[in-house]
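One structure is given here, and the rest of the page talks about it.
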Number of protein chains: 2
Amino acid sequence: MSKSADADHPIHALIRQRWSPRSFSIRQMTHAQLLSLMEAARWAPSSYNAQPWSFIAALREDKPLFSRLFECLMPGNQRWAGKAGALLLSIAATVDEDGDANRYAFHDAGLASANLILQATSMGLYVHMMGGFNREKARETFQIPEGREPCAMIAVGYLGEADDLPDDLKASETQTRRRVPVNDFLFGDKWNDPPSFLKKGS
Amino acid sequence: MSKSADADHPIHALIRQRWSPRSFSIRQMTHAQLLSLMEAARWAPSSYNAQPWSFIAALREDKPLFSRLFECLMPGNQRWAGKAGALLLSIAATVDEDGDANRYAFHDAGLASANLILQATSMGLYVHMMGGFNREKARETFQIPEGREPCAMIAVGYLGEADDLPDDLKASETQTRRRVPVNDFLFGDKWNDPPSFLKKGS
């Protein structure tokens with residue numbers, strides 16, 4: 001199944017092809033693949049090169065650890081994420097080494113995670129990021145210290161068949177991908193004002 | 001000049017090649033390129049598909065708007081960013097349509113910005129993200145409403161010559177890119193504990 005983005009302007013194939021499935025194949029991932037995902041995250045830019053990200057990661061075959069990650073998910077995500085080839089938890093360093101708040105911790109964890117996603121896509125893998133997990137349980141389970149914030153959970157794997165999902169999830173799996181058009185979020189002279197080159201007649 | 005990442009594990013060329021220069025060429029960018037950057041951002045994933053990002057963007061030739069963006073930068077960034085082919089401001093929707101806080105606003109603006117960076121890299125462009133700008137000035141200049149937070153400023157353009165920079169900036173332009181190794185941010189059973197597959201002897 002392809003859900004290639006219906007793009008209005010030319011974009012790179014890896015960005016166009018990426019989407020967030022719920023159906024994963026039983027095909028196994030390897031630790032080498034996991035390390036490439038981490039390496040891609042590693043080279044993301046960050047404010048003052050603080051690299052304010054960490055990950056806890058397990059392949060489905062890394063049984064006890066995969067289960068402990070899975071147990072942190074909200075029930076809705078547990079309906080499908082157990083079949084992923086790997087589960088990860090991203091963690092943002094919201095306080096830096098000097099004890100100062102890093103306002104870019106989540107932003108830069110996002111930059112690193114997007115690199116991870118693009119790397120995965122280039123290896124034929126798919127990624128589904130999740131905000132639906134129990135942050136306090138994650139903190140306790142993995143002894144995450146103060147100043148480090150559980151950020152997102154991430155399912156990675158080879159694509160499965162939509163037909164293998166429960167009916168309600170199957171519907172969302174096959175629906176068209178929707179985004180607001182660029183005109184709705186690209187502004188010029190001021191908020192909500194289109195840039196002059198997009199204005200009618202210009 | 002190439003500053004390709006010294007990667008320990010295989011990563012995609014676009015991720016390896018990307019870095020954040022301060023020296024930009026006078027070669028002009030086009031509005032079509034700017035729209036491809038926005039289109040790439042558009043297709044990023046986001047929590048509940050909220051797409052909590054907006055951008056204000058100008059090419060160097062879009063004179064008054066480019067200047068108003070430039071004026072929001074901190075003096076240190078003004079030393080070099082005026083030669084960029086385009087300047088952008090990313091804005092995160094920290095409050096959603098129902099008036100609830102979106103804890104993923106910065107994270108997802110980061111996901112979108114990373115897509116923008118990879119798209120730029122694929123078009124031969126370079127990107128330098130900046131936290132060093134005057135947020136209140138940006139808010140006033142562009143009449144950014146409450147619940148929308150100036151996030152990062154972004155310089156984009158073709159690569160210039162390090163020799164064209166002042167000496168102190170030239171040094172940072174040519175220095176080796178540094179990252180902590182994957183072992184420093186990938187954990188297993190608990191915080192600071194390496195995953196079992198990375199432990200010695202396993």
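Residue numbering restarts at 1 for every chain, and letters A, B, ... go by the order of the sequence lines.
- The contact between B:R18 and chain A is made entirely by side chain atoms (from C-beta outward), counting heavy-atom distances below 4.5 Å.
- In this structure, the portions of A:A7 lying under 4.5 Å from any heavy atom of chain B include both its backbone and its side chain.
- Of all the listed residues (A:A112, A:G131, A:A105), the one sharing the greatest number of non-hydrogen pairs under 4.5 Å with chain B is A:G131.
- Evaluation of the side chain to side chain donor-acceptor pair (under 3.5 Å) test over residues 127-149 of chain A, restricted to residues two or more places apart or in two chains, returns A:R135-B:Y104, A:R139-A:E149.
- Comparing B:R177, B:K190, B:R179 by how many heavy-atom pairs each has under 4.5 Å with chain A, the most go to B:R179.
- Per-residue heavy-atom pair counts under 4.5 Å with chain B were compared for A:R103, A:M130, A:R178, A:Q33, and the maximum is reached by A:R103.
- Both the backbone and the side chain of A:M38 come within contact range of chain B, with heavy atoms under 4.5 Å apart.
- The minimum heavy-atom distance between B:A109 and A:H107, with the atom names listed, is C-CD2, 4.2 Å.
- With chain B as partner, the option from A:H31, A:H12, A:R16 having the largest number of non-hydrogen pairs under 4.5 angstrom is A:H31.
- If you measure heavy-atom distances from A:S20 to chain B, the contacts under 4.5 Å come from the side chain alone.
- Across all their heavy atoms, B:L186 and A:A57 have their closest contact at CD1-CB, 3.7 Å.
- Applying a 4.5 Å heavy-atom cutoff, the residues of residues 114-124 of chain A that approach chain B are A:A114, A:N115, A:I117, A:L118, A:Q119, A:S122.
- Heavy-atom neighbours of A:E97 CD from other residues, nucleotides or ligands within 6.0 Å: at or below the threshold of 12.
- Rounding to the nearest 0.5 Å places CH2 of A:W191 at 7.0 Å from CD1 of B:I144.
- Proximity to chain B at a heavy-atom threshold of 4.5 Å picks out A:E39, A:A40, A:R42, A:W43, A:A44, A:P45, A:N49, A:Q51 from residues 39-51 of chain A, in numerical order.
- For A:L34, the part lying near chain B is the side chain, with the backbone staying farther off; criterion is any non-hydrogen pair under 4.5 Å.
- Taken to the nearest 0.5 Å, the CG atom of B:D8 stands 9.5 Å off from the CG atom of A:L35.
- Contacts between residues 63-93 of chain B and chain A, defined by a heavy-atom separation under 4.5 Å, are made by B:L65, B:R68, B:I91.
- In terms of heavy-atom pairs under 4.5 angstrom with chain A, the leader among B:L14, B:L111, B:L59, B:D184 is B:L111.
- Counting heavy-atom pairs closer than 4.5 Å to chain A, the top residue among B:A32, B:C151, B:A58 is B:C151.
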